[in-house]
Amino acid sequence: MSELYVTLAVYRMKISVVGGGYVGLVTGICLVELGHDVTIIEIDPEKVLGINKGKPPIYETGLEELLKKNAGRRIRASSDYESVIDADIVFICVGTPPGPEGDADLSYINSASESIGVSLKHNTSYCVVIVKSTVPPGTTEKIVRPAVLRASLKTEKEIGFAMNPEFLREGRAVEDFLHPDRIVIGSCDPRSGDRVAEIFTNIRAPVLRTGLTAAEMIKYTSNAFLATKISFSNEIGNICKKLGIDVYEIMKGVGLDPRIGTLFLNAGAGFGGSCFPKDITALVSVAKSIGEDPILLQSVLEVNERQPRRMVTYLENRLGCLLDKRIAVLGLAFKDNTDDIRDSRAIPVIHELLEKGAHVAAYDPLAGSAMQKIFPSLEYASSAAEALKGAEGCLVMTEWPEFSRLDKEFDLMAQPVIIEGRRILSRKGVEGICW
Ligand code: UGA
């Protein structure tokens with residue numbers, strides 16, 4: 001019997017989810033799986049249309065299947081806030097992109113709070129507003145709560161507030177939502193927290209109840225710690241490479257200590273994605289705004305900035321000047337199993353290759369068209385073999401499993417100079433970034 005479906009009688013809640021992006025959509029569809037009725041509030045009319053037709057606007061394992069099953073029945077999307085009028089719960093899942101100084105831009109949080117408040121004016125029952133977006137400590141307390149209360153003309157007896165961070169990995173988000181390691185519920189009072197806990201009655205996981213600000217800080221700290229593990233491994237990896245030691249063997253030995261753990265110690269070209277770089281930068285910005293000098297976190301980011309450039313340096317060491325040389329870049333997504341290129345480590349590498357006058361032939365199983373928006377004039381190959389044909393060098397940037405099966409394709413290269421930024425190739429003669 002699956003752990004999740006030891007179904008207790010769930011109070012079937014009416015839930016509005018503001019934001020139909022990756023977090024909002026996964027949250028919405030998983031809440032349906034938990035037995036609730038969901039309306040996604042999304043400003044982009046194309047996304048609304050797609051969701052209502054059962055077509056997710058993003059690629060995420062398992063999402064399409066669940067959406068097809070429930071679209072128009074237990075989940076619907078709308079561009080207005082009408083569903084908030086009789087909602088038991090409203091989740092805020094809007095984006096918090098980086099502002100000009102690296103601090104989190106909270107304009108979507110502000111406008112969502114205001115619109116939720118306006119609709120809650122007409123809601124006659126008790127409703128809890130839950131922030132799921134990753135926000136700087138203090139945001140729910142000092143920005144969301146006053147904005148909602150002001151616009152709704154109500155008090156905290158009628159509206160509760162909570163912060164429930166997400167710990168979803170892209171590509172595995174549905175699985176992570178339904179089988180989490182923990183559920184963190186920050187709330188302004190016990191009544192709000194109890195209502196949030198009810199949503200997750202059918203999930204078996206440790207539940208940690210905290211205040212609003214602590215819940216926000218738990219999310220930032222989790223991502224900062226994971227990113228620190230990666231930059232730490234990369235720095236050790238850079239040292240190991242010079243000493244002729246295999247960093248993967250080292251980290252295996254180190255990670256067996258349960259106080260350290262084996263995960264997130266894979267050295268390579270650094271971390272990308274929509275979360276780690278943005279969240280650690282925002283945490284640095286929070287620290288500075290209160291007079292702290294976060295030297296460790298800044299170093300984590302600096303190692304991550306320098307790391308991908310090493311790929312180009314190693315290539316030059318082997319090939320000399322890169323002017324007019326054909327270089328295959330395999331992998332454009334920030335990790336495997338996604339078409340997301342946000343902060344992908346392939347981006348700084350391609351910039352540098354182009355600056356040095358190389359001819360870049362790029363290939364990714366899913367992310368080619370996304371990368372075309374940043375680099376419209378690259379050669380985008382339709383297979384790894386096509387990118388490799390006649391290439392004098394190859395950089396492997398993403399841990400796609402299909403790359404680990406490449407073999408004869410490398411024989412198509414004019415010169416077999418291959419540098420991997422993720423440890424996936426077993427072929428002899430391949431140089432690793434840290435090994
Ligand atoms: C990350 C966290 O893992 C989630 O727990 C969190 O909820 C999410 O951010 C978020 O804040 O929403 P995600 O960005 O999907 O999830 O990606 P990860 O799987 O964590 O990988 C991030 C980057 O680190 C990738 O570029 C990956 O290649 C790199 N990485 C990961 C390494 O270089 N080494 C490792 O050992 C692990």
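Only a predicted model underlies this, so the values are computations on that prediction, with no experimental measurement involved. One-based numbering, in listed order, for ligands and for the atoms of each.
- A side-chain donor-acceptor contact under 3.5 Å links Thr96 to the backbone of Thr134.
- Remark: the backbone N or O of Val300 is not paired with any side-chain donor or acceptor of Asn304 at under 3.5 angstrom.
- Each of the following atoms of ligand 1 lies closer than 4.0 Å to a heavy atom of Leu265: 36 (O).
- Of the possible donor and acceptor atoms, one in the side chain of Lys229 sits under 3.5 Å from a partner among the backbone N and O of Leu263.
- Looking at Arg345 and Glu305, their side chains come closer than 4.5 Å, going by heavy atoms from C-beta outward.
- What sits closest to atom 26 (O) of ligand 1 on the protein, heavy atoms only, is Phe334 O, 2.8 Å.
- In terms of polar-atom proximity, defined here as any N/O pair under 3.5 Å, Arg169 makes no such contact with ligand 1.
- Without hydrogens or angle criteria, Lys325 side chain to Leu319 main chain gives a donor-acceptor distance under 3.5 Å.
- Between Phe200 and Phe177, the angle of the ring planes lies from 30° to 60°, which puts this pair in the tilted group.
- Short contacts between ligand 1 and Phe276, defined as distances under 4.0 Å to a heavy atom of the residue, involve ligand atoms 1 (C), 2 (C), 3 (O), 9 (O), 20 (O), 22 (C).
- Numbered from 1 in the order shown, with element, the atoms of ligand 1 that lie under 4.0 Å from a heavy atom of Lys219 read 6 (C), 7 (O), 10 (C), 11 (O), 12 (O).
- The structure places CD of Glu64 at 9.5 Å from OH of Tyr59, a figure rounded to the nearest 0.5 Å.
- For the ligand labelled ligand 1, residue Ser344 lies outside the 4.0 Å heavy-atom shell.
- Taken to the nearest 0.5 Å, the CD1 atom of Ile203 stands 8.0 Å off from the SG atom of Cys30.
- Across Lys335, Arg342, Gln307, Arg345, heavy-atom proximity to atom 18 (P) of ligand 1 is greatest for Lys335.
- With sequence neighbours left out, Arg172 forms a salt bridge (charged side-chain N to carboxylate O under 4.0 Å, His left out) with no residue at all.
- Ligand 1 is never approached by Thr134 to a heavy-atom distance shorter than 4.0 Å.
- Counting protein heavy atoms only, atom 15 (O) of ligand 1 is closest to Glu170 N, 2.6 Å.
- In this comparison of Asp181, Asn337, Leu168, the heavy atom closest to atom 6 (C) of ligand 1 sits on Leu168.
- Residue Cys275 places no N or O, backbone or side chain, under 3.5 Å from any N or O of ligand 1.
- The shortest N or O to N or O distance between Tyr22 and ligand 1 is not under 3.5 Å.
- Not a single heavy atom of Arg172 sits less than 4.0 Å from an atom of ligand 1.
- Of the candidates Thr140, Val131, Val135, Leu212 forms a side chain to side chain contact (heavy atoms under 4.5 Å, CB included) with just one, namely Thr140.
- In this structure a side-chain-to-backbone donor-acceptor pair under 3.5 Å is missing from Thr398 to Trp400.
- Looking at Tyr220, Phe167, Phe264 and measuring to atom 20 (O) of ligand 1, the nearest heavy atom belongs to Phe264.
- Listed by number with element, the atoms of ligand 1 under 4.0 Å from a non-hydrogen atom of Glu399 are 27 (C), 28 (O).
- Judged by the 6.0 Å and 45° rule, Arg423 forms a cation-pi pair with Tyr248.
- When hydrogens are left out, the protein atom nearest atom 33 (O) of ligand 1 is Arg422 NH1, 3.2 Å; that is the closest non-hydrogen contact.
- In the candidate list Asp279, Leu263, Ile230, Ile230 is nearest to atom 31 (C) of ligand 1, counting heavy atoms.
- Between the choices Asn304, Asn266, Thr398, the shortest heavy-atom distance to atom 35 (C) of ligand 1 belongs to Asn266.
- Residue contacts with ligand 1 include Gly272, since one or more of its heavy atoms lies under 4.0 Å from the ligand.
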